[in-house]
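Structure first, then comments.
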Amino acid sequence: MDTIAKRLEAIRAELLPGVSLVAVSKTKPVEMIFEAYQAGQRIFGENRAQEMAAKFSALPPDIEWHMIGHLQTNKVKYIAPFVSLIHSVDSEALLDVIQKEAQKHNRIIPCLIQVYIATEESKHGFLPEQVLPLLESSARNRFPNVAIHGLMGMASFTEDDQLIRRELAGLAKLYREAKATTGLELPVLSMGMSGDYRIAMEEGSTMVRIGSSIFGSRS
Ligand SMILES: *Cc1c(COP(=O)(O)O)cnc(C)c1O
């Protein structure tokens with residue numbers, strides 16, 4: 001079996017120009033994360049607030065911690081002091097709480113709007129038609145301690161590459177439209193996981209979130 005460093009190297013070699021890599025370390029121990037750190041990785045993704053806070057305390061301070069999973073409003077407080085990017089903003093109620101917690105810590109917290117693009121019921125996110133109005137209210141400074149940096153989405157969990165490509169292309173189209181119409185900078189389009197990051201990059205992703213292809217499968 002390849003080492004974490006070798007797998008990271010192989011994935012980095014495939015990244016298209018301008019695409020950054022979030023190493024998704026959820027459920028994995030700090031030892032494995034430190035191994036990736038020693039191989040040069042600095043951005044890690046987690047999906048549970050308390051797990052992320054514990055890892056933040058245990059690992060070097062120059063790591064950028066990204067929240068990628070559904071975030072309950074009562075958990076924002078655990079990550080507000082240090083989180084670098086919240087990919088998974090899926091409700092206005094959550095944005096309100098992030099705003100309050102960010103203000104408490106005198107921070108501006110970068111966030112992505114999660115868009116529901118899959119055909120499955122289980123995924124979280126705003127409907128595509130809700131995204132532009134939300135970005136416009138943010139552009140009017142409704143959330144002064146939140147910086148919306150772009151959009152995030154997950155394709156259906158399927159073997160059907162055509163379906164995955166259609167869903168990701170739809171998100172990329174919405175992203176381009178949002179950039180063109182809102183006047184916000186929106187540098188980030190977060191899409192692509194171990195199973196579909198190549199398709200995601202072809203469709204215009206600027207940030208891929210890869211877990212099992214780096215750290216092995218999760219039990
Ligand atoms: C777990 C997870 C990933 C990484 O999944 P892999 O298939 O292990 O690469 C990416 N994005 C989100 C939102 C996740 O929850």
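Whatever order the structure lists them in is the order used to number ligands and atoms, beginning at 1. The analysis underlying the following values was restricted to heavy atoms, covering all of them including side chains, and did not include hydrogens, waters or symmetry mates.
- In summary, K104 and E101 engage in a salt bridge, as defined by a charged side-chain N under 4.0 Å from a carboxylate O.
- Electrostatic pairing of K55 and E51 counts as a salt bridge here, judged by a charged N lying under 4.0 Å from a carboxylate O.
- Shown here for S138 and I148, the closest heavy-atom pair between the two residues is OG-CG1, 3.4 Å.
- Remark: of the listed residues I210, L21, V19, I210 is the sole one forming a side chain to side chain contact (heavy atoms under 4.5 Å, CB included) with Y197.
- The shortest separation from a heavy atom of M152 to ligand 1 is under 4.0 Å, placing the residue in contact.
- The option from M154, M191, R209, K26 that lies nearest to atom 2 (C) of ligand 1, judged by heavy atoms, is K26.
- Atom 9 (O) of ligand 1 has S194 OG, 2.5 Å as its closest protein atom, hydrogens excluded (heavy atom only).
- The ligand atoms of ligand 1 that sit less than 4.0 angstrom from a heavy atom of I210 are 9 (O).
- Atom CE of M207 is separated from atom CE of M191 by 13.0 Å, given to the nearest 0.5 angstrom.
- Summarising the geometry of L168 relative to A155, their closest heavy-atom pair is CD2-CB, 3.9 Å, with the distance given to 0.1 Å.
- Scanning the protein heavy atoms around atom 12 (C) of ligand 1, the nearest turns out to be I68 CD1, 3.5 Å.
- Considering both main-chain and side-chain atoms, N47 never comes within under 3.5 Å of ligand 1 through any nitrogen or oxygen pair.
- If you check which protein heavy atom lies closest to atom 5 (O) of ligand 1, you get M193 CE, 3.4 Å.
- Here is the list of ligand 1 atoms found below 4.0 Å of a heavy atom in G211: 4 (C), 6 (P), 8 (O), 9 (O).
- A distance-only check finds no donor-acceptor pair linking the side chain of R165 to the backbone of E203 [under 3.5 Å].
- Atom numbering of ligand 1 starts at 1 in the shown order; those under 4.0 Å from a heavy atom of R218 are 1 (C), 5 (O), 6 (P), 8 (O).
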